[in-house]
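Below is one structure, written out as structure tokens; the observations come after it.
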Amino acid sequence: MKNYPVASRRAWIIRHAMTLGTVAIIAVYAAFIQWVWGWQSVVSLWNGAGWTSALVALALLLGTYVLRTWRIYDYFPEETGGHFGTLLRLVQVHNLLNVMLPFRTGEASFPLLMRREFDVPLARGTSALLVMRLFDLHALLAAAGTGLALQTGKVWAWALWLLFLLLPAVAFALRGHAFRLFAKVLPVKAGKLLEEVEAGLPFDAGAFARAWGATLINWFTKIAVLAWVLGLLGGLSIAPSFGGALGGELSSVLPVHAPAGVGTYPAGITAGALAFGADAGRQALEELGQAAVNTHLLVIVSSLVGTALSLFAARPKRD
């Protein structure tokens with residue numbers, strides 16, 4: 001004889017597994033912030049800078065999460081159509097896991113969540129994630145190249161930057177030749193996997209342009225916001241603020257990444273700011289270190305707030 005209350009409870013848990021998991025992740029992350037920094041320090045760091053500036057910066061960072069979600073929404077229109085809220089929650093959970101877990105292990109959650117929520121094959125989801133991460137890394141390096149070209153001020157520097165900026169377009173144009181070569185070299189059994197990997201690429205030039213454009217807008221916006229915050233909290237000029245923002249974000253995409261970026265993200269900010277001309281004196285370095293930690297806290301809090309808000313955007317699955 002079936003135990004209907006137990007079966008009903010199990011079905012409810014399965015149906016709301018992602019919501020329950022999201023709530024659990026938010027709780028653990030909030031506790032982590034309290035343990036490492038304390039929520040009082042998070043609040044107090046903006047008392048001097050002004051809460052209006054904090055809210056503007058937070059809103060802009062949250063906007064980059066929405067744009068990042070739209071990039072995936074446009075990337076998988078058939079699978080995600082009409083479910084932007086669910087996808088927003090998925091992207092935020094993936095982002096939070098990526099921030100919390102060391103060595104980029106949180107990346108594995110994306111294809112798994114896409115398969116669970118939208119029935120996207122693992123190979124296709126993994127391929128799409130790889131393409132988007134290459135877009136992200138390219139955008140960050142292009143932003144860094146902008147700073148270096150501005151510092152150099154030479155025509156050849158801008159020419160090299162432009163060539164680098166166009167690399168994704170060249171690679172996309174040559175994708176057909178690459179896959180035909182792989183099809184000849186790889187075993188016949190790998191044909192299905194190769195098809196799924198190819199399906200994870202942008203469908204056409206329009207889809208590629210939208211994904212590439214969204215990536216560039218997303219990262220240039222985030223770098224600009226973080227540079228502004230660094231200048232506000234650390235009294236840095238434009239070049240060191242820009243370099244610090246780049247250094248912090250580049251540290252977050254590297255394979256060696258501490259849980260929640262503790263230590264590695266502020267160190268990346270400090271290194272980037274110094275590389276772009278920040279004062280290396282003892283007092284200035286202490287102020288830079290504090291500004292780096294505070295900027296890192298803003299990024300962490302924005303991830304937490306974004307994940308919490310995404311709970312209200314997602315529509316529950318129906319029976």
Side-chain angles (χ1 to χ4, degrees), residues 32-65 95 99 136 139-153 218-254 256-306:
F32 179 81
I33 292 175
Q34 175 61 33
W35 177 55
V36 176
W37 296 284
W39 279 99
Q40 185 177 357
S41 65
V42 177
V43 173
S44 63
L45 71 90
W46 285 100
N47 285 336
W51 282 100
T52 301
S53 299
L55 292 175
V56 170
L58 183 61
L60 289 171
L61 289 178
L62 292 175
T64 64
Y65 300 142
N95 179 61
V99 170
D136 292 339
L140 275 172
L141 292 176
T146 303
L148 292 174
L150 284 170
Q151 272 194 328
T152 306
N218 175 76
W219 280 107
F220 274 80
T221 300
K222 188 173 185 180
I223 293 299
V225 171
L226 296 181
W228 172 54
V229 170
L230 273 171
L232 193 65
L233 298 178
L236 300 174
S237 59
I238 294 177
S241 297
F242 181 76
L246 279 172
E249 287 302 308
L250 282 171
S251 75
S252 69
V253 300
L254 295 175
V256 181
H257 176 64
V262 177
T264 55
Y265 194 95
I269 289 177
T270 303
L274 290 174
F276 277 72
D279 187 356
R282 182 176 178 179
Q283 183 176 351
L285 204 57
E286 289 179 0
E287 292 176 357
L288 174 58
Q290 185 60 48
V293 171
N294 291 345
T295 303
H296 182 213
L297 277 172
L298 176 66
V299 174
I300 288 175
V301 171
S302 71
S303 297
L304 185 64
V305 172

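Heavy-atom basis, side chains included; hydrogens, waters and symmetry copies ignored.
Among all heavy-atom pairs drawn from Ala245 and Ala227, the shortest one is CB-N, 3.7 Å. Closest heavy-atom contact between Leu230 and Ser241: CD1-O, 3.6 Å. In terms of heavy-atom proximity, Gly268 sits nearest to Ser251 at CA-CB, 4.3 Å. In this structure, Val299 and Tyr65 approach most closely via the heavy-atom pair O-OH, 3.9 Å. Closest of all the heavy-atom pairs between Ala57 and Val225 is O-CG1, 3.9 Å.
Note that CG of Leu55 and CG of Leu60 are 11.0 Å apart. Values are rounded to the nearest 0.5 Å. To the nearest 0.5 angstrom, Leu298 atom CG is 7.0 Å from Leu226 atom CG.
Contacts of Asp136 classified as side chain to side chain donor-acceptor pair (under 3.5 Å), with partners at least two apart in sequence or in another chain: Arg71, Arg133, Trp219. In this structure Ala239 satisfies the side-chain contact (heavy atoms from CB on, under 4.5 Å) test with no other residue, sequence neighbours excluded. Applying the side chain to side chain donor-acceptor pair (under 3.5 Å) rule to Thr64 yields no partners; only residues at least two apart in sequence or on another chain are considered.
With no hydrogens or angles considered, no side-chain donor-acceptor pair links Tyr265 and Thr295 at under 3.5 Å.
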Please set out all donor-acceptor pairs under 3.5 angstrom arising from side-chain atoms of residues 140-147, sequence neighbours excluded.
unit_1 : atom_1 : unit_2 : atom_2 : d
Thr146 : OG1    : Ala142 : O      : 2.9
Thr146 : OG1    : Trp161 : NE1    : 3.2

Check: residues 270-278 side-chain donor-acceptor pairs under 3.5 Å, at least two apart:
unit_1 : atom_1 : unit_2 : atom_2 : d
Thr270 : OG1    : Pro266 : O      : 3.0

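For residues 49-62, no residue pair satisfies the salt bridge (charged side-chain N to carboxylate O under 4.0 Å, His left out) rule, not counting sequence neighbours. For residues 232-241, the set of pairs meeting the salt bridge (charged side-chain N to carboxylate O under 4.0 Å, His left out) definition, not counting sequence neighbours, is empty. The side chain to side chain donor-acceptor pair (under 3.5 Å) pairs that include a residue from residues 221-238 are Lys222-Glu249, where partners are two or more places apart or lie in different chains. Counting only residues at least two apart or on different chains, no salt bridge (charged side-chain N to carboxylate O under 4.0 Å, His left out) pair has a member in residues 293-306.
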